Amino acid sequence: MKKILNYINGEFKAPLQDEWIDNYNPSIGEVYSLIPNSSTADVQNAYEAASQAFPTWSETPLEQRSRILAKIASLITENLEQLAKAEAIDNGKPLSLATSVDIPRASTNFQFFADAITQFSSEAHESTGLNAINFTLRQPIGVVGCISPWNLPLYLFSWKIAPALAAGNTVVAKPSEVTPMTAYLLGDICTKAGLPKGVLNIIHGLGSTAGQAIIEHSGIKAISFTGGTTTGAHIARVAAPMFKKLSLELGGKNPNLIFADCDYDTMLDVTIKSSFANQGQICLCNSRIYIERPIYEKFKKDFIAKTKALKIGSPLDNNTNIGALVSKPHLEKVKSYIDAAEQEGGTILCGGDYVNVKGHENGYYLQPTIIEVNDPNCRLTQEEIFGPVVTIMPFDSDDEALALANNVRYGLSCSIWTNNLNRSMHLAKYIQAGIVWVNTWMMRDLRTAFGGTKDSGVGREGGFEALRFFTEPKNVCIKY
Ligand code: NAD
């Protein structure tokens with residue numbers, strides 16, 4: 001069986017203890033490869049390689065660093081087909097999505113930060129009357145840790161690695177053990193692009209062992225993490241006493257506020273995507289839909305009809321809209337929420353069941369599910385389900401919509417559908433979220449700040465925010 005290997009000091013390595021973890025193809029429910037069950041000793045080797053590479057990489061001229069990152073971007077594009085297929089098989093997502101979103105975005109992440117670093121600058125302050133000038137040096141931190149989740153594997157892995165490398169750091173990175181394949185393939189691409197040995201080291205393994213060894217390592221001075229809120233809280237507890245710099249992108253339970261004056265057809269099309277894209281496994285998915293009462297019944301009817309028309313099937317089938325969920329435990333977790341719907345006062349309007357896909361009988365397929373709720377405090381509207389499950393509920397006023405939107409522990413993103421500028425400005429100001437979309441969803445400009453408030457995280461990624469995170473500011477004051 002195919003073995004995925006760690007990428008340390010520019011070489012592919014088996015884990016020192018020769019222990020392996022099963023890697024499943026979720027579309028057929030079978031193990032199709034093995035990944036290293038890396039230990040603290042493997043992480044230590046990765047750290048040492050990164051540490052040795054740091055002095056040279058951090059002093060490498062910007063233009064040269066930028067050229068290498070741009071080369072990685074173009075090699076990802078050249079290998080689009082292979083990478084997209086690998087992502088679809090490893091994750092269960094439709095190949096069409098991996099081909100149009102995941103892999104192009106991974107390439108764009110490298111190209112974006114290859115460009116951004118050449119434009120990054122720092123501040124200077126003249127101390128008027130004191131004959132002194134201050135300027136800020138933005139220096140790379142050293143060896144940094146990047147840990148990413150399974151839902152957008154290469155997309156989110158590269159979103160962290162690219163700015164870390166661009167800023168002159170060297171990296172110990174760990175993709176999710178559930179979706180390791182494209183991170184493994186990235187190693188070879190980095191070598192071909194001429195990334196010097198040890199600058200990027202990719203460790204595979206469990207969060208509780210390999211991940212834990214990264215966050216506990218005293219030499220790793222910054223951790224950029226995307227994943228669940230509980231894991232984020234744990235990482236914060238470990239990292240805080242060691243004074244590590246932390247960026248935490250965590251869970252969400254995002255509201256979709258739909259007003260009667262919106263552009264209805266566009267709203268409906270985009271709401272299907274914001275509910276069920278990637279089987280609802282995107283942190284930005286809008287899983288709580290609140291609809292202004294005058295259009296509630298019409299929306300309910302149309303939304304159910306469009307949802308029922310989605311094609312559930314093999315990720316590799318071109319017609320598939322909804323592929324497989326990422327793993328058996330995750331499938332069971334999502335299903336348990338559906339099973340609790342009635343008990344929580346909800347009514348299942350459509351979906352709610354497993355799907356038997358012909359030829360893929362053991363795959364992890366679930367119908368896209370709409371649940372009507374009447375209690376905004378029930379578990380279905382409070383807890384992150386992270387699957388193809390949304391709740392719908394009517395509202396009667398702007399104040400009520402705002403209160404409903406803010407009535408969760410999370411604060412990642414939201415969508416507002418209205419053509420009333422005053423209303424959208426007011427709501428955008430008072431909604432507790434890091435990202436607000438008006439009349440759209442998941443429209444991304446990579447220069448903008450990305451991240452959440454409340455239990456959705458700490459810090460921001462994107463554009464210069466990411467380059468600021470991955471650098472240490474040092475003020476120099478010169479008296480003249
Ligand atoms: P997870 O927290 O279980 O795992 C994420 C990563 O952390 C994995 O690589 C895992 O191995 C690692 N990890 C686990 N325990 C660790 C530990 N003790 N020390 C170090 N690393 C550890 O999350 P997941 O199930 O892979 O991903 C789903 C979650 O990610 C959802 O909650 C989703 O909302 C969130 N997410 C957030 C964003 C965002 O930008 N805010 C984006 C995507 C996903």
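This structure is a prediction, so every number in the text was calculated from the model and none was measured. Counting convention: from 1, in listed order, for ligands and their atoms alike. The figures that follow rest on heavy atoms only: side chains count, while hydrogens, waters and symmetry mates do not.
- Classification of the Phe12-Tyr184 ring pair by plane angle, with boundaries at 30° and 60°, yields perpendicular.
- Close approach of ligand 1 to Phe450 (heavy-atom distance below 4.0 Å) involves ligand atoms 40 (O).
- The aromatic rings of His330 and Phe386 sit perpendicular, their planes meeting at an angle over 60°, well past the 30° parallel limit.
- Looking at every heavy atom in both residues, Glu177 comes nearest to Gly205 through CB-O, 3.4 Å.
- In terms of the side-chain contact (heavy atoms from CB on, under 4.5 Å) criterion, residue partners of Ala73 (sequence neighbours excluded) are, by chain and number, Ser107, Phe110, Gln111.
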Derivation of the side-chain hydrogen bond (donor to acceptor under 3.5 Å, both in side chains) call for Lys93 and Asn278: CA-CA 6 Å; Lys93 66 177 66 211; Asn278 205 40; 3.2 Å; yes
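- Summary of contacts: the protein heavy atom closest to atom 36 (N) of ligand 1 is Cys283 CB, 3.7 Å.
- Near Trp150, meaning under 4.0 Å from one of its heavy atoms, ligand 1 places the atoms 24 (P), 25 (O), 26 (O), 27 (O).
- Within 6.0 Å of atom CE in Met242, more than 12 heavy atoms from other residues, nucleotides or ligands are found, so the atom counts as buried in its surroundings.
- Remark: ligand 1 atoms within the under-4.0 Å shell around heavy atoms of Leu156 are 42 (C), 43 (C).
- Residue-ligand proximity, Lys174 to ligand 1, at heavy-atom distances under 4.0 Å covers atoms 9 (O), 10 (C), 11 (O).
- Within the structure, the closest approach of Ala210 to ligand 1 does not fall below 4.0 Å when heavy atoms are considered.
- When heavy-atom distances to ligand 1 are checked against a 4.0 Å cut-off, Leu412 comes that close only through its side chain, counted from C-beta outward.
- Counting atoms of ligand 1 from 1 in the listed order, those under 4.0 Å from a heavy atom of Glu177 are 10 (C), 11 (O).
- When only non-hydrogen protein atoms are considered, atom 28 (C) of ligand 1 lies nearest to Phe386 CE2, 3.7 Å.
- Nearest-residue assignment for atom 9 (O) of ligand 1 (options Ala239, Gly145, Ser148; heavy-atom criterion): Ser148.
- Listed by number with element, the atoms of ligand 1 under 4.0 Å from a non-hydrogen atom of Pro175 are 9 (O).
- With sequence neighbours left out, the salt bridge (charged side-chain N to carboxylate O under 4.0 Å, His left out) criterion links Arg379 to Glu383.
- Under the 30°/60° scheme for interplanar angles, the aromatic rings of Trp159 and Phe113 are found to be tilted.
- Taking only non-hydrogen atoms, the option from Asn151, Ile147, Val238, Leu250 nearest to atom 44 (C) of ligand 1 is Asn151.
- Considering only heavy atoms from C-beta on, Ile72 comes within 4.5 Å of Leu186 through its side chain.
- Using a 4.0 Å cut-off between heavy atoms, His330 makes no contact with ligand 1 at all.
- Residue Ser176 places a heavy atom less than 4.0 Å from ligand 1.
- Close approach of ligand 1 to Thr226 (heavy-atom distance below 4.0 Å) involves ligand atoms 5 (C), 36 (N), 37 (C), 38 (C), 39 (C), 40 (O), 42 (C), 43 (C), 44 (C).
- Of all the atoms in ligand 1, the ones that sit under 4.0 Å from a non-hydrogen atom of Gln212 are 17 (C), 18 (N), 19 (N), 20 (C).
- Dense packing is recorded around CD of Glu332, with more than 12 heavy atoms of other residues, nucleotides or ligands lying under 6.0 Å away.
- Distance check on atom 21 (N) of ligand 1: some protein heavy atom falls below the 4.0 Å cut-off.
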